[in-house]
Amino acid sequence: MPENEPFLSTDDPFFSALFECFDGQSAGFRILNHNQNASDQNHGASGTSILIHGNAGTGKTTLACQMTLQSLSNINRMKLPDWPEKATAIYLTLDQRASEIANLMRRLLPEDTDEIVAESPFSIGDLIEDEDGIIGAREAANKNLVTVFPLPYDAGFSSIERYLTKLNVLTTSGTSSVRIVVIDSVNLSLQLKDLNAADVDASTQDGTRLDKTAIRTQAAEAFRKLISHPPANKIRQSERCFSTIVVYEAAASEHFPEEYFVEGIVALDCSADSHESRTIRIRKARHQPHDSGQHSFSLSDRGVEVSPSLSVWAQALRTQLLGNHQLGQQPEPPRLRMGIAPLDQILAAQSPYFTTEGSSTLLFGKPGAGKADFLARFLFQSWIEDPDSSIIFGTWKRDPLNLISDLNTLSKEHPAVIRHFKKSQGSVENAIGSRLHVLDMRDPYFSLPRVMSSIVRSVDHPSTGNPTSPYPVKRAGFFGLTNLNESPSARDEQWNFLRLLTRFLESRKVSNLLVDWPIGEQSQRNARPLAARLCANEILCEYDGTATQSKHDKTSKTAGIYQVTIMRANFHRLNADLRILPADIEIRHLAKKLDM
């Protein structure tokens, strides 16, 4: 995004993705008035107006607080010309106490910040009528990052508008550093609920009777002034030098005249009869490309965390790949080691048919063919090559605790990895926990957009994907893909998810292993999984328990041999067969001796 263009946005990169997926530049709602000449000094810092609406409990206040804090942080970091050195905000609250809003904002602030969020002892009446109140409020607003003012329940639009007009005079003259004003909440739907009654009887001060349309027109005009939207005949006279965030309690599906006056609209919704079914929608972002579809979100200690739909990730990846496309000969990527010595030796000898780092590999076979152990060795190979890397494990079937147990056992075969883990984390268990991102998709309420968002967070934003893991993701494994085929009505979305998953990981040079197996009693070689179309490498693993083992393997507790077929390597058909001893694939857990 442009370095010196401010936005109203959150600290969640996936909220920004709803804008960035189209042009790679916009990170939120633009603050500067793009219809005006950038060289116009008097209006270079004109604001915008955003309306956040939804039913009670959908997260409107949290989003308003999060957007205010992050927008101020970005603005102050940019050091914009014609802006104060430290831009601040005021928060006018009607629904909640000022102390509650201030405490919420303090929780959303980074722990290492020295910024101050405080509630003001002055009321809106003091701000309008009392000169000392205005001076005291101005000093507080300039000192604190955010100052929260309580609004009395009888505060009308006209009272708030009068204060904002005075504030704009101070801002324009340079005596106020306020650049964002939040009003929580302007609930017109409740104030005008009687308009639908048949016995509405309203009159003006001079006794002139008004009909419903006239009352609605007056309310709409009051709202227009409240959000700084100038009348058509006073374009240059009424604009304000700060942005307004208005919280409005109305259903996400509801439409109202006030939505035409604001520059942007965010609609929040939450279904009471579904598990974690919160949705967010950017209904409007004037003169800005954006995704207007519904997207899942959750509320955490960091605020609102968005999980964009798969279409957004596809568009974002396409935009990024087109922007990063380079013509000409590219350097040859390093070779990928699977973590199984006999297999890696065969692949190394099959030049130019070799696997490369950052590619996708499909592993399939019947149950009991050693796929789980194969996956554990593949993931652990990342730590053999780089102990300070992290891995992703997504599962539709296997318990993640089983994988953690396998990784612990494999670490005993590699003393160098154990020494590094203990030196950095104190113990092997802590080191594995800080380097492993688990996506347990056995939860019946999981959604593919949320899974994709978690993967992107882990890879591109490790501090938010797993706050305890600052290590870059080098490998990923996904177990049980055949379970995706159990829902015919969702196959299109599932197939798009797999396509997007492999393309994203490949674009980030993350080597990934997809574990699948054919459906039914068909022959293994005639029933290749659909995921084979998406992967550069394809490996079939079979186990023959009746085969006679070589005399070289004296340690295996089971008879039999693993038959591994490299069907494709780096998109080239190979069909190389090799027999692998159980000791090279199986992970053997030693029972702990009890202390007597």
Side-chain angles (χ1 to χ4, degrees), residues 1-12 16 25-34 36-50 64-92 98 101-102 104-122 127 131-149 163-183 228 239-245 263 303:
M1 78 180 183
E3 294 182 357
N4 294 321
E5 186 173 1
F7 296 93
L8 285 181
S9 187
T10 71
D11 56 348
D12 180 14
S16 301
Q25 296 182 350
S26 301
F29 298 98
R30 287 195 179 98
I31 291 181
L32 296 183
N33 191 337
H34 47 273
Q36 303 206 0
N37 192 329
S39 62
D40 189 344
Q41 298 292 330
N42 294 328
H43 292 79
S46 59
T48 188
S49 53
I50 304 300
C65 293
Q66 186 180 2
M67 186 176 291
T68 300
L69 293 173
Q70 184 61 28
S71 300
L72 289 176
S73 175
N74 290 338
I75 291 170
N76 292 332
R77 187 167 53 248
M78 291 178 184
K79 305 295 182 183
L80 297 172
D82 303 321
W83 284 61
E85 182 178 354
K86 176 185 176 181
T88 61
I90 62 172
Y91 197 112
L92 306 177
I101 299 296
L104 172 59
M105 283 196 165
R106 294 186 191 108
R107 291 197 299 269
L108 295 176
L109 278 173
E111 295 182 356
D112 57 348
T113 185
D114 56 354
E115 298 290 356
I116 300 175
V117 175
E119 57 269 24
S120 172
F122 302 99
L127 297 176
E131 188 66 25
D132 293 335
I134 295 176
I135 295 175
R138 184 197 317 170
E139 293 176 350
N142 288 339
K143 175 184 177 182
N144 304 326
L145 182 66
V146 181
T147 306
V148 185
F149 294 93
Y163 166 64
L164 296 184
T165 301
K166 288 189 176 184
L167 176 63
N168 189 63
V169 173
L170 299 175
T171 304
T172 306
S173 64
T175 57
S176 173
S177 62
V178 173
R179 288 296 180 270
I180 298 178
V181 175
V182 185
I183 306 173
S228 316
E239 288 184 317
R240 298 198 177 116
C241 294
F242 51 80
S243 298
T244 309
I245 300 176
E263 299 291 320

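Just so it is clear, the structure is predicted and the values come from calculations on it, not from any experiment. Nothing fancy with the numbering, it's 1 onward along the sequence. Below, each value reflects all heavy atoms present in this structure, side chains not excepted, and no hydrogens, waters or symmetry copies.
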Check against side-chain contact (heavy atoms from CB on, under 4.5 Å), F149 and I90: CA-CA 7 Å; F149 294 93; I90 62 172; 3.6 Å; yes
Derivation of the side-chain contact (heavy atoms from CB on, under 4.5 Å) call for T88 and R179: CA-CA 6 Å; T88 61; R179 288 296 180 270; over 6 Å; no
CA sep, side-chain torsions, deciding dist, call: L145, L109, side-chain contact (heavy atoms from CB on, under 4.5 Å): CA-CA 11 Å; L145 182 66; L109 278 173; 4.2 Å; yes
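Residues F29 and S71 have side chains not in contact (no heavy-atom distance under 4.5 Å, counting atoms from C-beta outward). Within the 4.5 Å cutoff, the side chain of V182 has no heavy atoms near those of the V148 side chain. Taking 4.5 Å as the limit, every side-chain heavy atom of L108 sits out of range of all side-chain heavy atoms of D11. A heavy-atom distance below 4.5 Å is not found between the side chains of I101 and E119. At least one side-chain heavy atom of T68 sits less than 4.5 Å from a side-chain heavy atom of M105. Residues I245 and V181 form no side-chain contact, since every pair of their non-hydrogen atoms from C-beta on lies 4.5 Å or further apart. R30 is listed as a side-chain neighbour of F7, based on a closest heavy-atom distance under 4.5 Å.
Here the OG-CG distance, from S243 to L8, works out to 4.5 Å after rounding to the nearest 0.5 Å. Here CG of N74 is found 11.0 Å from CG of L69. Values are rounded to the nearest 0.5 Å.
Panel note: side chain S16, backbone A27; a donor-acceptor pair is recorded below 3.5 Å.
Ion pairing between a basic and an acidic side chain is recognised when a charged N comes within 4.0 Å of a carboxylate O; E115 and K86 show such pairing.
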